[in-house]
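Residue numbers run from 1 in the order of the sequence given. In what follows, every heavy atom counts, from backbone to side chain, and hydrogens, waters and symmetry copies are set aside. We count ligands from 1, going down the list as the structure has it; atoms in each ligand are counted the same way.
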Amino acid sequence: MVYQSFLIKYAEIGTKGKNRYLFEDALIHQIKNALKKVEGSFLASKESGRIYVQAMGSYDYDEVIEALQRVFGIAWICPVLQLEEKDFEKIKKTVVAYVDEVYPDRHFTFKVESRRADKQYPVHSEQMNRDLGEAVLKAFPETRVDVHNPDVLLRVEVRKVVNIYSLMIPGPGGMPVGTNGKAMLLLSGGIDSPVAGYMIAKRGVKIDAVYFHAPPYTSDRAKQKVVDLARQVARYSGPIPLHVVNFTDIQLYIYDKCPHEELTIIMRRYMMRIAEEIARANDGLALITGESIGQVASQTVQSLASTNEVCQMPVFRPLIGFDKQEIVDISHKIGTFETSIQPYEDCCTIFVAKHPVIKPNLERIRKSEEHLEEKIREMVRTAIDTAEMIWCD
Ligand code: ATP
Ligand code: MG
């Protein structure tokens, strides 16, 4: 069956009352964006509260489904056969032809569910159910009707056109990106932060990202890996501007002036401060990290409290209660895992102390940071001013 149309069903957007159109428009915008990268020409539009994708000419079915499965807000993708002609005999014939082609193995139970959105239509839905069911049974005697738990739910909707469909392919769920402000993702080359970005984008939040690199201690390949990860997350979230901050001088300065076992924590605090400032300059309203309680020394509750204290913005940590394996599973699902496990060095691992503090004392950390007073402001300023922006699409 060559479908020319897809009916797009959403879930949560349906609860938005008066604002619903805003969410629908954002969804259409994101669908258009996703289909720009698919060969062929497509129309996405809204018609009496339903969203349709129309293929104008030939296209690759799998590619379209795959692209739509990355658009947050979509609950179901239904390939639909559309009939302009509303003559009931014609509908019957088409329904039989549809079943014939889509279900070559006839041993299934079914139920017809008709809907008459066009109230002028002379055949009532109950009548349509009966007559269409009969037509299918007559054409394929091996089938059976089961109104309670059918294998196939055959839907026929009489609207401006007639929609015939039964397949429902799951979408990613969530809310359309662009309906919930913007946040700044602290993106490293690891497994966790790309997953964290994905999860927040799934709730409709636009994503910017910041990466701290430390040349020559970290290589161009480590940076390229982060760019690749940002591109992979962008397949779901839409384009991500990635701010690459040169962190070398700040890192060396901290290494020089502060106790080595506090280096990671103090470094993290400066990352948060800088990320927040870049976020603010770009209309971001929150920060996102890939932290999860207890995963490493810098993610104990004490460490999290210590890095949290330097930010005014809310810090979203969507993975906070996840086990590593659960995070790994999502990274496989969204396609970032293979890139994340490439071996290039991370700027945090290079100066890491043998025995970093596990339960940092806030008073002591603040005291240690006083040793940085002379130059740190200017260094932070320079790091922000010299950040490079890479558009990841
Ligand atoms: P990830 O897998 O995301 O790297 P991780 O388990 O390695 O996480 P850490 O290295 O402790 O954890 O980093 C915690 C969080 O701090 C990361 O999830 C990320 O959000 C942020 N982060 C760490 N290093 C960097 C960096 N070089 N640039 C930007 N953000 C970073
Ligand atoms: Mg890391």
Side-chain angles (χ1 to χ4, degrees), residues 183-200 207-215 217-219 221-230 232-233 240 242-248 250-251 254 263-279 286-304 306-308 310-311 313 315-320 322-328 330-332 334 336-353 356-358 360 383-384 387-388 390 392:
M184 177 65 76
L185 169 66
L186 282 87
L187 182 62
S188 69
I191 294 171
D192 305 326
S193 41
V195 173
Y198 165 87
M199 292 191 64
I200 297 300
I207 304 288
D208 281 12
V210 57
Y211 165 58
F212 296 91
H213 80 144
Y217 304 99
T218 58
S219 63
R221 296 182 74 182
K223 173 173 147 189
Q224 185 57 42
K225 175 181 166 183
V226 175
V227 171
D228 292 344
L229 285 170
Q232 282 154 1
V233 175
I240 298 180
L242 171 69
H243 303 267
V244 179
V245 174
N246 188 325
F247 206 48
T248 313
I250 294 175
Q251 221 169 351
I254 301 171
L263 177 79
T264 307
I265 277 295
I266 294 175
M267 220 170 66
R268 269 292 136 64
R269 282 160 65 94
Y270 277 97
M271 281 187 186
M272 301 296 268
R273 288 176 172 116
I274 292 172
E276 182 173 64
E277 193 161 337
I278 299 177
L287 303 178
I288 308 166
T289 76
E291 290 161 312
S292 146
I293 295 174
Q295 208 189 76
V296 288
S298 57
Q299 295 175 29
T300 61
V301 172
Q302 290 84 351
S303 302
L304 291 168
S306 161
T307 44
N308 205 67
V310 299
C311 321
M313 286 185 186
V315 181
F316 298 152
R317 300 180 173 89
L319 310 181
I320 199 74
F322 281 24
D323 293 347
K324 190 71 188 189
Q325 189 55 47
E326 294 171 302
I327 302 169
V328 166
I330 303 176
S331 78
H332 276 298
I334 66 174
T336 51
F337 183 78
E338 293 302 327
T339 308
S340 288
I341 58 169
Q342 286 171 11
Y344 312 117
E345 66 296 330
D346 182 338
C347 82
C348 312
T349 51
I350 287 172
F351 300 91
V352 163
V357 279
I358 293 174
I384 292 170
E388 172 194 13
I390 301 175
C392 299

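With a 4.0 Å heavy-atom cut-off, ligand 1 is reached by the backbone of V210 but not by any atom from C-beta on. Using a 4.0 Å cut-off between heavy atoms, R268 contacts ligand 1 through its side chain alone, with no backbone atom that close. Heavy atoms of L187 found under 4.0 angstrom from ligand 1 belong exclusively to the backbone.
Considering backbone and side-chain N/O atoms, S193 comes within less than 3.5 Å of an N/O atom of ligand 1. For ligand 1, the polar-atom distance check finds an N/O of L186 within less than 3.5 Å of one of the ligand's N/O atoms. Where the criterion is an N or O separation shorter than 3.5 Å, residue side chain and backbone included, Q299 meets it with respect to ligand 1. For ligand 1, one of its N or O atoms has an N or O atom of I191 under 3.5 Å away. For ligand 1, none of its N or O atoms has an N or O atom of G189 under 3.5 Å away.
Partners of S193 according to the side-chain hydrogen bond (donor to acceptor under 3.5 Å, both in side chains) rule, which considers only residues two or more places apart in sequence or in another chain, are S188. Shown here are the ring-ring contact (aromatic ring centres under 6.0 Å, His included) partners of Y198, two or more places apart in sequence or in another chain: F72, Y236.
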(request) Please lay out, stage by stage, how T339 and Q232 fare under the test side-chain hydrogen bond (donor to acceptor under 3.5 Å, both in side chains). (result) CA-CA 9 Å; T339 308; Q232 282 154 1; 3.0 Å; yes
(request) Apply the test side-chain hydrogen bond (donor to acceptor under 3.5 Å, both in side chains) to residues D228 and Q224: give CA-CA distance (whole Å), side-chain angles for both, the deciding distance (0.1 Å), then the verdict. (result) CA-CA 6 Å; D228 292 344; Q224 185 57 42; 3.0 Å; yes
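Each of the atoms 20 (O) of ligand 1 lies under 4.0 Å from some heavy atom of T289. Less than 4.0 angstrom separates some heavy atom of D192 from each of these atoms of ligand 1: 1 (P), 2 (O), 3 (O), 5 (P), 6 (O), 8 (O). Using a 4.0 Å cut-off to heavy atoms of G190, the atoms of ligand 1 that qualify are 1 (P), 2 (O), 4 (O).
Looking only at distances, no side-chain donor or acceptor of S331 sits under 3.5 Å from a matching main-chain atom of I191.
Side-chain contact between Y211 and L242 is present, with at least one heavy-atom pair separated by less than 4.5 Å.
Between K223 and E388 there is a salt bridge, since at least one side-chain N of the basic residue sits less than 4.0 Å from a carboxylate O of the acidic one.
Between F316 and the options T289, L185, I200, a side chain to side chain contact (heavy atoms under 4.5 Å, CB included) holds for only I200.
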